[in-house]
Amino acid sequence: MDKSKRLFLKSKRSFRRRLPPIQSGDRIDYKNMSLISRFISEQGKILSRRVNRLTLKQQRLITIAIKQARILSSLPFLNNEKQFEKSESTTTTTGLRTRNK
């Protein structure tokens, strides 16, 4: 084979397999908060299966566990910290009305 043709061939790279996100001994349960919190975004959304690299069965179990934890108030439904911060607004009182500026 020509040297010019060899340049266009794909190189056979060896790639390192990543460890699965859930080990065989891990139990997927609504009480296992350290495991569940890895599969939730900063906003409190459940991450997709493609992002998590989970099997279909594992993703279903994680989703059910997250929903159970939300219902039992172990996890918040939304994680909007900005919403709960006090905004710097001045309040003026004119007569019976109170207005925010």
Side-chain angles (χ1 to χ4, degrees):
M1 208 185 266
D2 263 359
K3 285 186 179 182
S4 61
K5 289 185 181 179
R6 276 190 229 164
L7 296 175
F8 296 108
L9 292 176
K10 285 187 176 180
S11 64
K12 293 184 180 179
R13 283 191 278 165
S14 64
F15 60 94
R16 202 173 90 200
R17 286 198 75 146
R18 290 180 151 182
L19 293 174
I22 297 177
Q23 304 299 326
S24 60
D26 287 340
R27 185 172 176 187
I28 301 173
D29 198 18
Y30 68 93
K31 297 177 217 167
N32 194 350
M33 295 304 295
S34 61
L35 179 72
I36 288 176
S37 61
R38 287 191 279 165
F39 303 107
I40 297 177
S41 68
E42 291 179 5
Q43 293 89 22
K45 295 181 180 179
I46 301 172
L47 294 174
S48 70
R49 189 177 150 220
R50 186 178 39 145
V51 173
N52 291 334
R53 300 184 334 265
L54 294 174
T55 63
L56 184 62
K57 188 174 184 180
Q58 288 174 336
Q59 181 69 24
R60 277 196 213 118
L61 292 172
I62 285 289
T63 303
I64 291 168
I66 289 171
K67 289 179 179 180
Q68 286 175 343
R70 285 176 176 167
I71 290 170
L72 295 171
S73 300
S74 301
L75 277 175
F77 279 93
L78 294 174
N79 193 11
N80 293 335
E81 294 175 1
K82 293 178 184 176
Q83 189 177 29
F84 298 111
E85 291 178 2
K86 288 186 178 180
S87 61
E88 296 180 18
S89 63
T90 58
T91 307
T92 58
T93 307
T94 55
L96 300 174
R97 294 183 180 172
T98 304
R99 244 191 324 189
N100 286 336
K101 286 187 180 178

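Keep in mind that the numbers below use all heavy atoms, side chains included, and drop hydrogens, waters and symmetry copies. This structure is a prediction, so every number in the text was calculated from the model and none was measured.
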Distance, nearest 0.5 Å, that separates CG of L75 from OG of S37: 8.0 Å
Side-chain donor/acceptor of N32 to backbone N/O of R27, under 3.5 Å: yes
Minimum heavy-atom distance I36-D29, with the two atoms named: CD1-O, 3.2 Å
Flag side-chain contact, heavy atom, 4.5 Å: L72 against K31: no
Nearest non-hydrogen partners of L47 and Q59, listed with the distance: O-NE2, 3.2 Å
Minimum heavy-atom distance between I71 and F77, given as atom pair plus value: N-CZ, 4.3 Å
Spatial distance of atom CZ (F39) from atom CD (Q58) [nearest 0.5 Å]: 7.5 Å
Shortest non-hydrogen separation from Q68 to Y30 and the atoms involved: OE1-CD2, 3.4 Å
Side chain to side chain, M33 and S74, heavy atoms closer than 4.5 Å: yes
Counterpart residues, side-chain hydrogen bond (donor to acceptor under 3.5 Å, both in side chains), relative to S73 (two or more places apart): none
Side-chain donor or acceptor of D26 paired with backbone N/O of L35 under 3.5 Å: no
Flag if over 12 foreign heavy atoms under 6.0 Å of CD, E42: no
Verdict with supporting geometry, Q43 and L78, side-chain contact (heavy atoms from CB on, under 4.5 Å): CA-CA 6 Å; Q43 293 89 22; L78 294 174; over 6 Å; no
side-chain hydrogen bond (donor to acceptor under 3.5 Å, both in side chains) partners for T63, two or more places apart: none
Nearest atoms (heavy-atom pairs only) where I22 meets L54: CD1-CD2, 3.6 Å
Contact check, side chains of I40 and K45, non-hydrogen atoms, under 4.5 Å: no
Rounded distance (nearest 0.5 Å) linking atom NZ of K67 with atom CD1 of I62: 13.0 Å
